[in-house]
Amino acid sequence: MLLQLSSDQEFFRETTDKFLTDQVPVEVLRRLRDEAAGYDADYWRRGAELGWTSLLVTEKHGGGNISGNGILDLTIVAHEFGAHAAPGPLIATNVVAAALAETDSHPDVIAGLLDGSTVATWCIDEPGRRPLDVDVEIRVDGDDLVINGVKRPVEAAEQASHLLVTGRTDDGLTQVLVPAETAGVTVTAMRSVDLTRRFGAVSFSDVRVPRAAAVGEVGQASAQVQRQFHLVLALVNAESVGAMQTAFDMTVEWGFDRYSFGRPLVSYQALKHRFADMKSWLEAGHAITDEAAEELGTGDDRAAMLLSAGKAFIGDYGGELIQDCVQLHGGLGVTFEHDVHLYLRRQTVNRALYGTPSQHRQRLADLGQQRDEAAANKVDA
Amino acid sequence: MSDDNVEDVEAFRQRAREWIRANLRRADGPGQTLRGKDEQQDLAEVAREREVQRMLFDAGFAGICVPKDYAGQGLTPAHQRAFNDELVGYEYPARLQVPPMTPCMAVLLEFGTEEQKQRHVPAILKGEEIWMQLLSEPSGGSDVAGALTSAVREGDEWLLNGSKIWTSGAWWADWGLVLARTNWDVPKHRGLSVFILPLNAPGVTVHRIEMLNGNREFCQEFLSDVRVPDSDRIGDVDDGWTVGVRWLFHERMQHNSPYVTRPTGATREGEKGSILKVVRDAGRIDDPVARELAGEALEIGLVTEALNHRVARGIMTGTMSDQAAAVGRLLMCVSLSRQSTIAFEIAGAAGGAWADDDGEAAERGTDFLMRQTPSIGGGTTEMARNVIAERVLGMPREQALDRNVPFREVPRGSARQ
Ligand SMILES: Cc1cc2nc3c(=O)[nH]c(=O)nc-3n(C[C@H](O)[C@H](O)[C@H](O)COP(=O)(O)OP(=O)(O)OC[C@H]3O[C@@H](n4cnc5c(N)ncnc54)[C@H](O)[C@@H]3O)c2cc1C
């Protein structure tokens with residue numbers, strides 16, 4: 001998280017932190033495991049009142065941010081979500097709200113997202129494909145758009161009343177907002193290691209919506225999709241770093257309190273050095289996340305590389321960090337009773353979604369090559 | 001820094017860009033891995049770097065963050081960063097940065113007397129004086145405060161005796177910053193003092209050491225009755241460790257130092273540009289395995305850079321202690337090691353045997369042999385981990401047998417005394 005929050009940002013962070021501490025302590029998280037939605041509708045509405053879904057929506061549409069960089073502000077919430085392993089469709093609702101506001105479409109849905117009465121989600125990933133490699137078809141048929149194909153995993157698929165679907169129309173990408181009850185839409189629940197976050201597979205079989213349901217221009221959505229993807233990466237990274245921070249803090253505390261051979265664990269150099277490595281990964285996770293969010297919010301073209309670097313690094317090293325926290329807890333670390341797994345779960349799911357570390361490294365090579373070619377052209381010119 | 005007349009960073013950047021393009025040569029020659037092998041070439045390069053430093057000075061780009069009183073520009077770290085951004089792809093006085101600008105000049109600025117600063121800082125900025133740090137000794141570098149080189153007072157002078165080692169570039173440098181023992185009857189940290197010394201002073205012998213890649217940049221200095229005037233002492237007598245602590249801090253901050261002029265991204269000595277060039281020259285640009293490895297090199301490079309920005313900002317604003325510099329340093333060393341391994345892996349068989357026309361794929365085996373260098377020089381990664389655990393996270397200190405005992409009674413090993 002940011003090293004220095006403005007007083008407004010700090011107030012906002014504290015409010016969310018307090019609310020989460022109060023509403024979803026670890027006992028509640030454990031209980032939510034058995035609930036269908038994984039969160040309480042009233043909890044979500046109250047969170048929305050705190051501003052969780054309004055930061056990326058312009059004032060014209062009823063939203064507003066704190067610092068001028070709404071993405072950066074929202075990463076503060078995402079960080080707290082990770083730090084508390086909090087429930088609720090934070091990423092799903094925000095990415096849809098941002099897309100609708102940016103394209104000036106579906107104002108009624110935006111209003112519902114803002115006050116927390118509506119949940120919407122983005123259907124982007126497809127089975128066996130890399131992120132943004134889209135095969136679902138959105139065909140133009142007279143005044144209608146017709147959708148065919150399967151999206152999975154989709155966060156909060158069963159809870160969402162609206163689905164933002166990204167599909168292919170000839171050579172271009174199209175996005176459309178589909179009410180979940182539309183004929184031909186089938187949602188099947190999936191299973192996940194996260195205790196409170198739900199995912200589903202959504203299949204579209206000749207799903208027909210009016211052309212007016214399109215979000216942005218038909219066949220022209222590719223830049224918008226990139227922006228949504230970048231936004232998701234910024235939030236996922238911030239959330240995972242929050243989870244790393246809590247796991248690390250509880251393990252440091254444990255290391256001071258736990259004695260072995262008459263000495264605290266943190267007096268052994270072998271373990272001190274591992275804590276030092278973890279500290280460097282943790283700070284690096286904060287650093288890359290904040291730098292990326294800062295640049296994404298100000299439209300810098302380095303953001304894409306920074307986001308993928310963060311996604312790969314936090315996926316790999318965040319996993320190593322929390323697994324080492326498990327290791328240093330000994331037997332306790334692998335019990336359901338101990339809390340460390342709550343954060344391991346959150347980081348683990350985030351690592352797998354929206355591109356694995358390996359896929360982001362490949363994307364970095366592509367982006368790096370484009371950057372080098374652009375630089376070479378600039379020097380030639 | 002709160003000067004109201006400070007030039008706007010973007011205007012400065014524009015001015016820097018124009019000057020760099022009009023005056024500096026493009027750095028598209030071979031890398032510097034062979035540095036220290038060909039004496040004539042080395043000396044020619046040092047001469048050119050002094051010349052470039054002088055050009056920077058004359059154009060008003062030397063010592064961007066050094067106060068105007070000492071012939072610097074009195075600008076901010078943001079100006080230095082802008083200059084470094086613009087320098088990408090151009091020659092620069094690489095040897096005159098670390099250790100000359102930091103830690104040496106940084107220590108002078110912090111602890112030097114007015115007279116010392118007036119005499120040396122402008123000379124450093126003009127490229128007339130190149131400074132080196134004489135810290136490590138054959139008996140040990142991690143335990144810096146255990147220095148055995150002694151300084152004994154004789155009237156207005158000090159007589160230095162002992163040996164310093166691993167001083168990169170001492171054979172072509174001009175001045176050294178020396179940590180020496182001035183009192184053997186107090187615990188180790190309380191009996192040290194810092195001196196400055198011309199490397200051609202009578203009694204100083206400089207030997208070159210060959211590294212495993214053939215590089216002969218490293219030196220050992222033997223000091224035999226070297227006379228140093230008391231006016232060349234930095235800090236108080238027996239209080240050299242106060243200077244030493246900041247000296248090591250400036251050393252650890254070298255990748256964030258506002259005194260260092262170096263193209264952004266070229267944090268590695270001998271950096272040969274983008275890892276993707278290695279992939280291309282190895283003939284593997286379409287090989288997904290090589291591409292993913294290159295992606296990893298980019299990943300950890302970007303993350304390390306972001307971490308260094310965070311740590312620098314944290315220390316500057318006081319949200320992190322000075323000791324946090326070790327956090328940035330640790331990840332940087334580990335990342336550089338990994339990047340060496342990656343480049344070597346991508347090079348394939350060319351990593352083991354290469355031809356002159358292998359381009360960026362050549363010499364990767366040599367780099368790999370030298371892989372641990374950054375993790376040793378400037379303090380080892382083990383020492384960085386100790387600092388993080390003990391000073392940043394507050395964990396118990398390691399047992400030490402040299403505390404609260406007169407230094408002369410501290411046990412010493414027999415290896416390389
Ligand atoms: C490229 C390069 C440039 C250098 N430039 C300079 C220079 O300009 N000036 C200068 O003075 N020196 C310089 N050095 C020397 C460098 O600072 C020392 O090599 C370094 O501090 C380690 O000291 P040492 O070699 O004596 O190893 P030792 O201190 O003997 O250490 C040996 C090993 O033991 C480990 N170790 C030691 N103590 C501990 C401990 N308490 N806990 C855990 N592990 C420990 C070390 O990490 C290391 O792995 C340079 C070195 C290199 C490689």
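A note on names: the letters A, B, ... follow the listed sequences, proteins ahead of strands, and every chain is numbered from 1.
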>> Using the rule given for side chain to side chain contact (heavy atoms under 4.5 Å, CB included), can you reason through A:R371 versus B:L298, listing the C-alpha separation, both sets of side-chain angles and the distance that settles it, and then say yes or no?
In response: CA-CA 12 Å; A:R371 180 197 64 183; B:L298 292 169; 4.1 Å; yes

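- The contact between B:R397 and chain A is made entirely by backbone atoms, counting heavy-atom distances below 4.5 Å.
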>> With side chain to side chain contact (heavy atoms under 4.5 Å, CB included) as the criterion, how do A:D277 and B:L330 come out once you've worked through the C-alpha distance, each side chain's angles and the decisive distance to 0.1 Å?
In response: CA-CA 8 Å; A:D277 284 333; B:L330 173 60; 3.5 Å; yes

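- The contact between A:R302 and chain B is made entirely by side chain atoms (from C-beta outward), counting heavy-atom distances below 4.5 Å.
- Listed options A:I288, A:T289, A:L271, A:V252 were ranked by heavy-atom pairs under 4.5 angstrom with chain B; first place goes to A:I288.
- By the 4.5 Å heavy-atom criterion applied to side chains, A:L364 and B:L302 are counted as neighbours.
- Side chains of A:H273 and B:E382: no donor on one and acceptor on the other come within 3.5 Å.
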>> Under the criterion side chain to side chain contact (heavy atoms under 4.5 Å, CB included), I'd like the reasoning laid out for A:E283 against B:M320: C-alpha separation, chi angles, the key distance, then a yes or no.
In response: CA-CA 11 Å; A:E283 289 300 325; B:M320 290 182 183; 3.6 Å; yes

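- Scanning all heavy atoms of the two residues, the minimum distance from B:L307 to A:S280 falls at CD2-O, 4.1 Å.
- By the salt bridge (Lys or Arg N to Asp or Glu O under 4.0 Å) test, A:D8 is found to be paired with no residue, residues two or more places apart in sequence or in another chain being considered.
- Within the 4.5 angstrom heavy-atom criterion, no atom of A:Q359 approaches chain B.
- With chain B as partner, the option from A:F313, A:F256, A:F275, A:Y268 having the largest number of non-hydrogen pairs under 4.5 angstrom is A:F313.
- Enclosure of atom CD in A:E253 is not indicated, since only 12 or fewer non-hydrogen atoms of other residues, nucleotides or ligands lie within 6.0 angstrom.
- Annotation: residues 227-250 of chain A contacts chain B through A:F248 [non-hydrogen atoms, separation under 4.5 Å].
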> Stepwise, does the side-chain hydrogen bond (donor to acceptor under 3.5 Å, both in side chains) test hold for A:Q369 with B:R291?
Replying inline: CA-CA 10 Å; A:Q369 204 173 348; B:R291 293 183 71 89; 2.7 Å; yes

>> Set out, in order, the CA-CA distance, both residues' side-chain angles and the distance that settles side chain to side chain contact (heavy atoms under 4.5 Å, CB included) for B:L331 and A:W281, then state yes or no.
In response: CA-CA 8 Å; B:L331 193 77; A:W281 303 335; 3.9 Å; yes

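- Summarising the geometry of A:L3 relative to B:R310, their closest heavy-atom pair is CD1-O, 3.3 Å, with the distance given to 0.1 Å.
- Residue contact with chain A, scored on non-hydrogen atoms closer than 4.5 Å, involves the side chain of B:V392 exclusively.
- Checking side-chain atoms of A:K272 against main-chain N and O of B:I388 turns up no donor-acceptor pair under 3.5 Å.
- Heavy atoms of A:E294 lying under 4.5 Å from chain B belong exclusively to its side chain.
- If you tally non-hydrogen atom pairs under 4.5 Å between each of A:G310, A:P357, A:A309 and chain B, the highest count goes to A:A309.
- A donor-acceptor pair shorter than 3.5 Å can be found between the side chains of A:S358 and B:E292.
- For a residue to count as touching a neighbouring chain, one of its non-hydrogen atoms must lie under 4.5 Å from one of that chain's; by this rule B:I285 touches chain A with the side chain only.
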